[in-house]
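Contents: one structure, followed by commentary.
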Amino acid sequence: MKSMEKIVSLAKRRGFLFQSSEIYGGVQGFWDYGPLGVELKRNLKEAWWHDMIAGHNELKLQEGAPSQFEMVGLDCTIIMHPQVWKCSGHYDLFHDHMVDCRESKKRYRFDQVRGRWVEYQDKKIFVATLADIEQELEEVRRRGMKFFKLRNKDADKLAIGDESLTIDRLDSTQSVLAPDAKTLDTLTEPREFNLMFKTTLGALGGEDDATFLRPETAQGIFVNFKNVLDSSRVKVPFGIGQVGKSFRNEITPRNFTFRSREFEQMEIEFFCHPDHSSQWYRYWRDRRLAWYTKLGLASDSLIMREHHVEELAHYSIGTADIEYAFPFLPEGEYGELEGIAHRGDFDLRSHMEGKLDPNTPKGQRMEVELGENGKPKHRGSGKDLTYRDELTNEKFVPHVIEPSAGADRGVLAFLCEAFTEDEAPDDKGNLQTRTVMKLHPRLAPVKAAVFPLVKKDGMPEVAKEIYGELKQKFTTFYDEKGAVGRRYRRQDEAGTPFCITVDTDSLQDKTVTIRDRDTLEQWRVKIDDVADEISDRINQS
RNA sequence: GCGGGUGUAGUUCAAUGGUAGAACAUCAGCUUCCCAAGCUGAAUACGAGGGUUCGAUUCCCUUCACCCGCUCCA
């Protein structure tokens with residue numbers, strides 16, 4: 001049975017993850033990677049970078065891909081021009097005013113609670129509800145009747161206003177009957193919840209110099225779209241990948257590192273012709289899922305969840321989440337590792353013309369969202385971000401497929417998946433519980449450990465020699481302390497896939513044993529061949 | 001942000017209004033020729049701040065963090 005407590009305790013004990021600033025009591029939502037954790041996370045990011053970007057062969061048609069395509073990388077800053085976040089939509093979206101209900105203890109977005117004025121015998125109250133527009137009138141009537149303790153036959157004595165209003169349009173919330181309340185005036189003053197970390201440019205900066213730490217890496221790619229086009233000779237279809245830190249001031253960080261306030265993303269923005277975008281969407285969705293299974297996430301713990309049509313942004317043909325059955329979630333529930341979103345031309349056009357209106361009805365062309373003065377609410381850059389196909393001479397704004405993965409969530413999922421308790425006999429033949437981190441060899445923080453079987457007879461000297469050689473090629477650990485069985489177990493907990501042991505025979509015939517973490521099998525290999533043997537096994541698996 | 005629970009060594013747990021104990025892990029030494037063996041020794045803890053008290057790890061308050069439920073979740 002995998003329990004989160006055991007995984008968290010092992011992560012701390014063995015140096016995978018620590019709470020940030022722990023000696024001062026910790027800070028909610030921030031986590032540090034220890035000596036083993038940093039290697040694991042680096043390996044995951046490098047596997048991603050290699051498999052998606054650096055190792056991509058644009059000359060070869062990839063399995064399942066509609067055509068050949070190119071991939072390049074990018075590394076943008078965390079702080080960008082404030083206008084970036086206004087045009088991206090994050091400023092409006094992450095800048096919520098929230099109200100709390102003192103009675104029901106629920107919290108609502110100030111601009112989302114709506115309702116109508118209701119009057120009965122000179123008493124006027126505002127009945128608020130979260131019901132759908134169609135059911136709103138009925139819901140307001142029902143709750144209004146209940147509030148005034150009216151029977152059905154008196155229904156017509158209740159006067160209901162014609163206009164549906166959101167509560168941010170009211171002068172005060174004094175007369176509001178909150179959606180889950182039975183008494184009036186239970187809502188607090190609206191409070192600002194800024195999900196973006198605010199900071200100030202310049203030492204003397206005032207409010208005008210306020211900007212934000214990026215809440216996602218994607219926007220850096222969009223605003224550099226033209227730079228990449230002009231400098232790298234890439235042609236549509238192509239993708240730009242980036243790995244980097246992002247920041248969100250989550251209200252409730254929870255579940256170990258799953259919802260952290262500082263986290264690392266591995267994102268691709270893939271640009272393609274609008275006519276081919278749904279094919280590319282399917283390609284990336286399937287390819288990204290396969291990537292996780294290949295690195296060892298069990299397919300029965302992993303699901304692809306396609307968003308329902310109602311959940312989709314109006315511009316999107318599809319969005320799918322790759323989700324993992326984390327042990328801290330209830331049975332049957334999954335947590336998001338990666339989202340693959342079809343984003344249409346929303347981002348490039350917003351940075352070009354000004355933020356588009358996300359509430360445009362489906363099927364209509366999106367137009368720039370206007371402010372109260374009739375001018376664009378957030379002005380775009382005015383730069384031309386269209387693409388011209390040199391062969392057909394066609395000009396278009398590419399559509400975007402965005403596979404956006406969380407590196408820390410990936411690490412957490414692989415840690416959870418790897419955590420295994422099995423039974424192995426000790427030297428007396430009694431079964432003992434063995435904790436093994438069955439990490440994929442590519443991800444394992446330490447690839448090999450070298451031991452002299454005993455600390456005498458020249459074995460340590462030979463072992464140290466081998467260690468020095470292996471360490472040049474991959475992360476290797478040397479240990480000569482205590483019984484060899486104990487050393488094996490220590491490496492099992494760290495997830496080290498291979499242990500190399502120097503014994504008496506090694507001194508004669510220049511061979512050593514290699515022991516496999518998962519099968520416990522051992523075989524002999526010439527000392528000169530050890531490095532190649534292990535490299536092969538890391539890469540072929 | 002609300003309600004409930006929990007904070008003691010690296011980890012998992014004890015005990016106590018008056019010197020805080022164990023197991024495992026760690027370190028040193030001996031032993032040890034393949035899966036947490038044994039022996040000897042060592043180091044290490046009451047989340048933080050305040051109050052009550054002669055004296056607080058223990059009681060009270062505040063705060064921080066973690067867990068569970070609600071809420072939130074681009």
Side-chain angles (χ1 to χ4, degrees), chain A residues 3-6 8-15 18-30 34 85 88-96 98-109 112 180 188 191 193 195-196 214-216 218-219 246 248-256 258-259 265 313 319 321 328 330 335-336 339 341 343 358 402 404 423-436 451-457 459 480-493 499-507 512-517 520-522:
Chain A
S3 76
M4 208 54 207
E5 291 83 60
K6 283 185 177 177
V8 172
S9 136
L10 180 135
K12 167 90 194 285
R13 184 158 43 83
R14 294 309 309 256
F18 307 125
Q19 198 173 10
S20 169
S21 319
E22 197 191 77
I23 60 167
Y24 287 108
V27 214
Q28 212 183 13
F30 294 91
W85 306 113
S88 70
H90 288 93
Y91 183 82
D92 293 341
L93 198 67
F94 279 9
H95 229 79
D96 297 335
M98 309 289 286
V99 288
D100 289 299
C101 175
R102 296 187 194 93
E103 184 188 315
S104 68
K105 306 295 179 200
K106 296 197 181 222
R107 172 176 296 153
Y108 313 98
R109 263 177 67 175
Q112 273 187 350
D180 300 284
T188 60
R191 283 174 291 186
F193 275 77
L195 265 3
M196 288 196 287
R214 65 181 176 197
E216 63 170 34
Q219 298 305 321
S246 292
R248 284 183 205 179
N249 221 340
E250 298 287 354
I251 297 168
T252 316
R254 201 63 76 87
N255 290 331
F256 206 22
F258 183 76
R259 181 165 295 135
Q265 293 183 297
T319 296
D321 289 342
F328 52 76
E336 181 183 341
R343 298 188 56 86
E402 176 187 84
S404 167
E423 301 207 309
D426 63 17
D427 70 334
K428 296 202 180 83
N430 299 321
L431 282 182
Q432 300 280 348
T433 303
R434 181 178 81 121
T435 303
V436 200
F451 309 144
L453 187 58
V454 289
K455 202 166 49 174
K456 60 182 186 190
D457 300 339
M459 292 181 207
E480 59 179 28
K481 297 184 195 84
V484 74
R486 180 191 297 249
R487 286 176 264 159
Y488 287 141
R489 295 297 175 90
R490 262 197 288 254
Q491 294 308 312
D492 290 339
E493 266 195 353
C499 291
I500 294 138
T501 305
V502 173
D503 57 20
T504 318
D505 293 348
S506 310
L507 307 173
V512 289
T513 62
I514 301 182
R515 172 246 198 203
D516 182 279
R517 175 195 68 200
L520 303 180
E521 277 169 25
Q522 283 184 288

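As a basis for the values below, the full set of heavy atoms in this structure was taken, side chains included, without hydrogen atoms, waters or symmetry mates. Each chain gets a letter, A, B and so on, in the order the sequences are listed, and its residues count up from 1.
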A:Val484: which of A:Leu453, A:Asp503, A:Val454 passes side chain to side chain contact (heavy atoms under 4.5 Å, CB included): A:Leu453
Mind checking if [X] touches a base, just sugar-phosphate, or nothing, with heavy atoms under 4.0 Å?
X: A:Thr513; answer: base
X: A:Met459; answer: base
X: A:Gln522; answer: base
X: A:Phe18; answer: nothing

Nearest-0.5 Å distance, OG1 of residue A:Thr435 to CZ of residue A:Arg489: 9.0 Å
Value rounded to 0.5 Å, distance of CZ in A:Arg254 from CD in A:Gln28: 8.0 Å
Taking the side chain of [X] as heavy atoms from C-beta outward, which of [options] is closest to it?
X: A:Arg489; options: B:C35, B:U32, B:C66; value: B:C35
X: A:Lys456; options: B:U32, B:A65, B:A36; value: B:U32
X: A:Leu520; options: B:C34, B:C68, B:C35; value: B:C35
X: A:Lys455; options: B:U32, B:C68, B:C35; value: B:U32
X: A:Tyr488; options: B:C34, B:A36, B:C66; value: B:C34

[X] [atom1] to [N] [atom2], straight-line distance once rounded to whole Å:
X: A:Asp503; N: B:C35; atom1: CG; atom2: C1'; value: 14 Å
X: A:Phe451; N: B:A36; atom1: CZ; atom2: C1'; value: 12 Å
X: A:Phe30; N: B:C64; atom1: CZ; atom2: C1'; value: 15 Å
X: A:Arg14; N: B:C24; atom1: CZ; atom2: C1'; value: 13 Å
X: A:Glu480; N: B:U32; atom1: CD; atom2: P; value: 16 Å
X: A:Gln28; N: B:U63; atom1: CD; atom2: P; value: 14 Å
X: A:Leu453; N: B:C34; atom1: CG; atom2: P; value: 6 Å
X: A:Ile514; N: B:C34; atom1: CD1; atom2: C1'; value: 15 Å

Given the [atom1] atoms of [N] and [M], what is the spacing between them in whole Å?
N: B:C68; M: B:U53; atom1: C1'; answer: 36 Å
N: B:G7; M: B:G47; atom1: C1'; answer: 7 Å
N: B:A42; M: B:A9; atom1: C1'; answer: 14 Å
N: B:U44; M: B:C30; atom1: C1'; answer: 24 Å
N: B:A14; M: B:U6; atom1: P; answer: 12 Å
N: B:A56; M: B:G49; atom1: P; answer: 13 Å
N: B:U8; M: B:U16; atom1: C1'; answer: 12 Å
N: B:G5; M: B:U62; atom1: P; answer: 14 Å

N/O donor-acceptor pair, side chain A:Arg487 with base B:C35, under 3.5 angstrom: no
Do [X] and [Y] have side-chain heavy atoms sitting under 4.5 Å apart?
X: A:Phe18; Y: A:Lys12; value: yes
X: A:Thr501; Y: A:Tyr488; value: yes
X: A:Gln491; Y: A:Arg517; value: no
X: A:Cys499; Y: A:Phe451; value: yes

Side chain to side chain donor-acceptor pair (under 3.5 Å) assessment of A:Ser88 paired with A:Gln219: CA-CA 7 Å; A:Ser88 70; A:Gln219 298 305 321; 4.6 Å; no
Upstream residue (5' side of RNA chain B) when A:Gly26 and A:Thr501 are each assigned their closest nucleotide: A:Thr501
Residue whose nearest RNA chain B nucleotide is more 5′ - A:Asp492 or A:Arg254: A:Asp492
Does any N or O in the side chain of [X] come within less than 3.5 Å of the main-chain N or O of [Y], such that one atom is a donor and the other an acceptor?
X: A:Arg14; Y: A:Arg490; value: yes
X: A:Arg487; Y: A:Gly482; value: yes
X: A:Asp457; Y: A:Met459; value: no

Tabulate atom names and distances for all N/O pairs under 3.5 angstrom spanning the protein and nucleotides 10-13 of chain B.
residue: B:G10; atom: O3'; partner: A:Lys12; partner atom: NZ; Å: 3.4
residue: B:U11; atom: OP1; partner: A:Lys12; partner atom: NZ; Å: 2.6
residue: B:U11; atom: O3'; partner: A:Ser9; partner atom: OG; Å: 3.4
residue: B:U11; atom: O2'; partner: A:Ser9; partner atom: OG; Å: 3.4

Minimum heavy-atom distance A:Leu520-A:Arg515, with the two atoms named: CD2-NH2, 3.3 Å
For the student: nearest non-hydrogen atoms of A:Glu250 and A:Pro253, plus distance: O-CD, 3.8 Å
Are any protein N/O atoms closer than 3.5 Å to N/O atoms in nucleotides 26-28 of chain B? If there are, list each pair with its distance.
residue: B:U26; atom: OP1; partner: A:Arg490; partner atom: NH1; Å: 2.1
residue: B:U26; atom: OP2; partner: A:Arg486; partner atom: NH1; Å: 3.2

Pair A:Phe256 and A:Phe328, ring centroids less than 6.0 Å apart: no
Contiguous pairing runs of three or more, Watson-Crick or G-U under 3.5 Å, that involve RNA chain B: B:1-7 with B:64-70, B:10-13 with B:21-24, B:26-30 with B:38-42, B:47-51 with B:59-63
